[in-house]
Amino acid sequence: MRKSNKLKIIPLGGLGEVGKNITAIEYKEDMILIDCGMTFPEDEMLGIDVVIPDVTYILKNRDKIRAIVLTHGHEDHIGALPYILNKINIPIYGTKLTLGLVENKLKEHKLDKVNMNIVKHGETIKLGVFNVEFIKTGHSIPDSAALAIHTPVGVVVHTGDFKIDYTPIDGDVIDLNRFAELGNKGVLLLMSDSTNAERPGYTMSERTVGNTFREIFLNHKHRILVATFASNVHRIQQIINASEENNRKVVLSGRSMINTIGVALELGYLHMKEGTLIDINDMNKYPSDEITIITTGSQGEPMSALSRIASGEHKKVQIQPEDLVIISATPIPGNEKTVSKVINNLVEKGTQVIFESLADVHVSGHACQEELKLMLTLVKPKYFIPVHGEFRHLKKHAEIAGALGTSPENIFILNNGEIMEFTKDTAEPGGNVQSGNILVDGLGVGDVGNIVLRDRKHLSEDGLIVVVVTISKKEGIILAGPDIISRGFVYVRESEDLMEEARKVVRAVLEDCEKKKITDWATLKSNIRDTLRNHLYGKIKRNPMILPIIMEV
């Protein structure tokens, strides 16, 4: 059978959602993956730790895969790697800091035989029929890259997450020149970051945050706590700079903060004077106006360092009224309530809190509309697929491309799992592959599905009743019980009458079954469950989960 000469683009995550980014690019017998990210669970995913993409299609085609290429080191682009690499060992290519963060992550999962390859900006690597070029971009983590994938049918440009910052902290400006060169030679397809597609104008430079920090640090004469993303190394550098200018020592709080800063310092992406960084246990040896604490928890995560500080549960840091807390991040959609709760807890303790709406203490790492227009204008793609964002972001980005002259029939808003097939001159849908969410709960990967989640939801909302009965094996008569145990349904001591009635109802069911000579366990359990459910709903309009347990002796 002759293999198709079409290039397949298959997003398996990251479309119609923020996070879980992973895209397969396939041509005949060769396939590469761009990124391999995770996302955090939604509210109804009770007890789930993280969500990773369904990679059934990748596992089916494992012989074709040449490598995973990474655009940058954020969790939504590298977080699922340990789970995938556990099943299939693929070489990984990325920039120095990206792979430093991946290495840390793989150590935690005890994966030590992974083939990791550092690539510099401007370098091109050959992976089967693909030549993948890494292009310098700017983002809220250093060492981010866009990819120009030179394929047999044309060039595909994938921007990764990016913004256009002309005055970045590390001095490495986005390589707009290379995007323009590629555009002049001809680009078949552009896949571009849509996160901020609804925001007009330009994203402010990271340096504006540094100026705000300088001003705040100069004028506050007590301890300062700054909560930010651990991965935002440029932000952390500016907090360190402002601290050093005001003779402050820096303390780190939060496991991910300590890990990331350790990697960034070791690889030379963070710079601080000797003696600036001190252990959290030595903090009390210094006056309060000589201390800056950099902490995780800018999203109000319940177990994060800032949340524990705010609620008074942190072992090492007790908040004081004269402290100043700066939350240097925007709440991710869905986290507004938890962030607000943390701010309220801090303000109740008399602490001053500064967050984005009060001062320029945060700027985004993603391009706004004018930067997206510039990227589209430089690259001049024949076809366009907006990526990285919820449906409304993708739709807005598609409209921006249309307004700049890209033909509407050449713009494709895809769903995860949809295939687009390209030749030099054509683009058309190529069906679907399996995609979706794999839920990770503790050490279990994918063993919690919709049925388990439905049960958890039921238990969390309505509670549980266990009915225990002992019957004789020979005669099928009741020897003991029914005993009723309740959890999360009613407070038993205050509902003894209800429980006694429930016992009588179950006993009546069992006696009825005894008369009719029904000894089949499934039928007994079903009758108990149905009759008791109807009785309880009639009494107090609640539907607990009912678990009958029958013991034979």
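Note that this is a predicted model, so its numbers are computed, not measured.
- Donor-acceptor pairing under 3.5 Å is lacking for the side chains of Thr208 and Ser205.
- Here the side chain of Ser328 pairs no donor or acceptor atom with the backbone of His362 at under 3.5 angstrom.
- Side-chain contact annotation: His150 with Glu133, donor-acceptor N/O pair under 3.5 Å present.
- Taking the six-membered ring for Trp and the full ring otherwise, Phe422 and Tyr383 have centroids separated by under 6.0 Å.
- Residues Glu108 and Asn104 bring no donor and acceptor atom of their side chains to less than 3.5 Å of each other.
- Residues Ser194 and His388 bring no donor and acceptor atom of their side chains to less than 3.5 Å of each other.
- Under the salt bridge (Lys or Arg N to Asp or Glu O under 4.0 Å) criterion, Glu123 pairs with no residue, sequence neighbours left out.
- The six-membered or imidazole ring of His366 lies near that of His139, with a centre-to-centre distance under 6.0 Å.
- If you check the side chains of Thr423 and Asp425, you find no donor sitting under 3.5 Å from an acceptor.
- His72 and Ser144 share no side-chain donor-acceptor pair at under 3.5 Å.
- Counting only residues at least two apart or in different chains, salt bridge (Lys or Arg N to Asp or Glu O under 4.0 Å) contacts with residues 225-236 comprise Glu206-Arg235.
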**Study point:** Residue pair Lys382, Asn410: steps toward the side-chain hydrogen bond (donor to acceptor under 3.5 Å, both in side chains) verdict
**Key:** CA-CA 7 Å; Lys382 182 170 186 175; Asn410 288 358; over 6 Å; no

